[in-house]
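Here the structure is laid out as structure tokens; the discussion comes afterwards.
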Amino acid sequence: MPRGWALPLALAVLSGIGLGANPPPALAEGLGLLLLVALAMRCRAAAVGALLVAWMAGAVLMVEDGQLAPGLGGVDLTLEGRLDSVAAQGRLTRLVVSVEHCRPLDPERLPCRTLRRVRLNAYAPPPMVAGERWRLTVRLRPPGGLVNPGTFDYRAWLWREGIQATGYVRDAPPPRRLGVAPADPRRWALALLDDQDLPPRAARWLAALTLGASQRLTDDDWALLNASGTTHLMVISGLHVSLVAAVVLLLGRGLARLAMPTRWRLAVWPWWLAALGAGGYALLAGLEPPALRALTMTLVGLWVSSGRHAPGPWQGWWLALALVLLLDPLSAWRPGLWLSFSAVAMLILIWQGRPRPRGVRGWLWGLVRTQLLLAPGMAAAVLLAFDRLAPAAPLVNLVAVPLVSGLLVPLGLLGWLLAPLPGAMGACWWLFARLAEGLAWGLEAMIAWLPLWHPEPSLTLPMALSLLVLAALWGLPGLDGRLRVIASLVLCLVPLLWQPPRVPPGELRVRIHDVGQGQLVELRTAGYRLLYDTGPRFGSGFTPLETLWPPGQAFDMVIVSHADGDHAGGVAALDARHRVERYIGPPSVLPGERGEPCRAGRHWRRDGVDFRLLWPSRTIHGLSDNDRSCVMEVTAGRHRLLLSGDLGKDHERELLSEMQGAVSLLLAGHHGSATSSGPALVAALAPRHLVYSVGRHNPFGHPAPEVVRRFRRAGACQWSTGLDGALTFRLGGETLTRPAVADRTGVRPGVDCGRLALESP
């Protein structure tokens, strides 16, 4: 490739991906016109650029256009395809399927020919192996997930993995195997590893380090690696692939020096041998996106290092980025790609213009210096990508990087090379297991001293920018030492001086979280924090509140409206992970002896905001579980909020005597079911804003069409967590602020009402 082409190539690729993700009107016509102009002017570079932009935009658009049509949600479909991955979790098995053929069982339905990749749950399926072809009867839904500020974006993860629908496997017609899995050395290797007598953690780490089987790591493994800042060491990364390439290159050049003493520096074959070694390692790891990215970066790095008509470091960086995105356009949405390229860019900055170290002492100091200079920049990147900071990472990586790269990876790979000699293989892996257990013990000790930190969301950007400036101050050559020291001291004051925004006295912040088909509302004043309901608990044991906040949160009060699982399902997880001063709700679901029943008439005031319980009355005998719901009214200034749980229409009328006219914000009773929100309540409350806490595509049809029409006639702005994601309101000021929306479509509504008001019948 001619010098200077790498940057334009990368910019063309990035432009195409950006246009494909957010296509403007007449995109195809505009690119076609640009191509015609370039051809007419005989400008080959512009023509190639236009074709490249069009190719990348088309690749992204094909993934978007191939997503399941909404009309096929919940419809029985027949799929034929190959199993990309099979992960068993007890009776539940998670499948990722590359679809070859798809058709609805009902021929009158829309076709599903564009579907290419789906993620499925199969309950107690027959034995399945990755690589097999199967015919499955499934029910699917368009890709989506819970949308809450500062939490894991499941829909974005599905997008970057190219998954166009999710769903489950039906029992009838039963799954049918159409073809066996082809021969796979990786599957053989994992089976051999399972037969070894290794400690469980060492076996998992060996599989992840040498075979790229990161799916074998448990949640505890990930928590330990994340908290210590060593996640990059335990998956197939550029560090490991380049290490293999470097070892093979050194061996090859050593052989060349013996075979051709006078011309060994000119030998090309050691470089090709290093490329083959890196490729073999990545192939053993399954050539999944991280391994493919690492291999591409390593091959370009070998070319740059060889000096044979090679580009410079920065041209190589842009070339590697362009090639990775050409091979996998969706990797542009993977944080791992930008973390990897950020690390390489910082290494170029750190070493460019500086002499290479000499001798063992020089190389050791170079390694330590590089790790220390990398630490603030990588901490900033992780903070921006994952909203977390591992304070132990700089110290841990000084030991962990050479230990993993210099001992664990070589021992693991040497064990595979010695597989025909069980005794030698066992000795290598025995030593690997001892070192891995020692490393794990050290990591646990470090994070007990310096635990993982989740800063306030408002502090994330200032902290990240400060760390980036700190990295530049010490990484860029030629800066005055006094400037570095003074500026570093000033930057260290940022987390101390930056104060996150607080709720003013007399105001109330209300956040209705998106927890699917359930309910969880967080109320905050200047110094008081209350939860109304705790969300559902799904069959897998997952509760959405586990993703909302890091462990160790403090709540002054938790009110559980009633005992239904979609309102009380998260109580156990809440009590296990957080600190709760007091519970109010049904004794059957409350932990310990900190709870008390909900009774009408209780009233308290915090920071100028009034809280009042309106229902149930002291007599609850004969009431259904829904009608025992704890109803709460909150007043902040001129604004009022009403939370009524699942109370039915018959008892809603009894509440009207306790109410004082219209409310500013109402959480629809029973998720908008027709059993609640009767005409009398709607007319009496006339809410300005109404929220339905519902799951997207929920099987109950919530909210009911007649309820939506009833509130529309009353003039309410209607919002839905199923359509709009989590919603945040502020009450108590002069005006009720327009809610902040975590909109799952990525498009903020253009008027002061939710998408439901625009789309519902």
Side-chain angles (χ1 to χ4, degrees), residues 508 510 512 519-521 523 530-533 557 559-564 566-568 584-586 596-605 609-694 702-704 706-719 729 731 736:
L508 173 74
V510 182
I512 298 98
Q519 190 164 280
L520 192 158
V521 184
L523 308 178
L530 179 149
L531 283 187
Y532 182 85
D533 285 335
M557 182 177 290
I559 297 177
V560 180
S561 63
H562 61 298
D564 282 3
D566 56 337
H567 295 252
I584 290 180
E596 56 186 273
C598 178
R599 288 290 182 268
R602 179 167 181 170
H603 173 271
W604 65 101
R605 184 177 178 86
V609 177
D610 291 300
F611 300 81
R612 187 163 65 112
L613 300 183
L614 306 180
W615 187 270
S617 61
R618 296 192 179 276
T619 302
I620 61 173
H621 298 293
L623 295 179
S624 68
D625 193 46
N626 283 350
D627 288 334
R628 296 182 185 186
S629 291
C630 187
V631 179
M632 182 171 68
E633 178 192 60
V634 186
T635 304
R638 297 185 297 121
H639 302 134
R640 289 193 302 133
L641 160 72
L642 183 67
L643 305 170
S644 62
D646 285 356
L647 189 68
K649 287 187 289 188
D650 291 341
H651 297 283
E652 286 176 347
R653 288 191 291 268
E654 299 179 39
L655 278 178
L656 297 182
S657 60
E658 299 289 333
M659 303 301 297
Q660 302 170 4
V663 299
S664 305
L665 176 61
L666 173 66
L667 187 62
H670 202 181
H671 318 284
S673 165
T675 61
S676 299
S677 304
L681 181 83
V682 173
L685 298 184
R688 179 179 174 187
H689 288 274
L690 172 81
V691 178
Y692 301 101
S693 183
V694 295
H702 296 161
E706 59 266 33
V707 173
V708 173
R709 288 193 291 266
R710 194 175 295 151
F711 278 109
R712 182 181 296 167
R713 287 193 293 267
C717 286
Q718 303 185 58
W719 305 83
F729 296 81
L731 287 72
L736 174 63

Counting N and O atoms only, with roles assigned by atom type, does the side chain of Arg640 sit under 3.5 Å from a partner on the main chain of Ala662, one being a donor and the other an acceptor? yes
Tell me the closest heavy-atom pair linking Asp610 and His603, and the distance in Å. OD1-NE2, 3.4 Å
Polar side-chain atom of Glu633 near backbone of Leu614 as donor-acceptor pair, under 3.5 Å: no
Nearest non-hydrogen partners of Ser644 and Leu667, listed with the distance: OG-O, 4.0 Å
Side-chain contact test, heavy atoms from C-beta onward, threshold under 4.5 Å: evaluate it for Met632 versus Val521 and give yes or no. no
Could you tell me the separation between the OG atom of Ser664 and the CG atom of Leu685, rounded to the nearest 0.5 Å? 11.0 Å
Please examine the side chains of Val631 and Leu613, heavy atoms only from C-beta on, and report whether any two atoms are closer than 4.5 Å. no
So which atom in Pro703 and which in Val708 form the shortest heavy-atom distance, rounded to 0.1 Å? CG-CG2, 3.7 Å
Find the distance between OH (Tyr692) and CD1 (Ile512) and round it off to the nearest 0.5 Å. 13.0 Å
If we ignore hydrogens and angles and just use 3.5 Å, is the side chain of Lys649 paired with the main-chain N or O of Ala674 as donor and acceptor? yes
Would a 4.5 Å heavy-atom cut-off, applied to side chains only, mark Leu665 and His639 as touching? no
Are side-chain heavy atoms of Tyr532 and Ser561 found at a separation under 4.5 Å? yes
Could you please spell out the steps behind the side chain to side chain contact (heavy atoms under 4.5 Å, CB included) verdict for Val510 and Val634? CA-CA 10 Å; Val510 182; Val634 186; over 6 Å; no
Side chains of Val707 and Ser673: does their closest heavy-atom pair fall under 4.5 Å? no
Counting N and O atoms only, with roles assigned by atom type, does the side chain of Trp615 sit under 3.5 Å from a partner on the main chain of Asp627, one being a donor and the other an acceptor? yes
Under a 3.5 Å distance rule, please check whether Arg710 uses its side chain to pair with a backbone N or O of Ser677 as donor and acceptor. yes
For a side chain to side chain contact (heavy atoms under 4.5 Å, CB included) check, start with the C-alpha distance between Val560 and Asp533, then their side-chain angles and the critical distance, and finish with the verdict. CA-CA 5 Å; Val560 180; Asp533 285 335; 4.3 Å; yes
Would you say that Leu641 contacts Phe729 through its side chain, given a criterion of any heavy-atom pair below 4.5 Å between the two side chains? no
Heavy-atom nearest pair, Ser629 first then Pro616, reads O-CD, 3.9 Å
Can you give me the closest heavy-atom contact between Met557 and Arg602, atom names plus distance? CE-NH2, 4.1 Å
Determine the minimum heavy-atom distance between Ala563 and Asp625, stating which atoms define it. N-OD2, 3.7 Å
Minimum side-chain heavy-atom gap Leu643-Gln519 below 4.5 Å: no
So, taking the atom named CG in Leu530 and the one named CG in Leu523, what distance separates them when rounded to the nearest 0.5 Å? 5.0 Å
Ring center gap for His671 and His567 short of 6.0 angstrom: yes
Going by heavy atoms in the side chains, are His689 and Trp719 under 4.5 Å from each other? yes
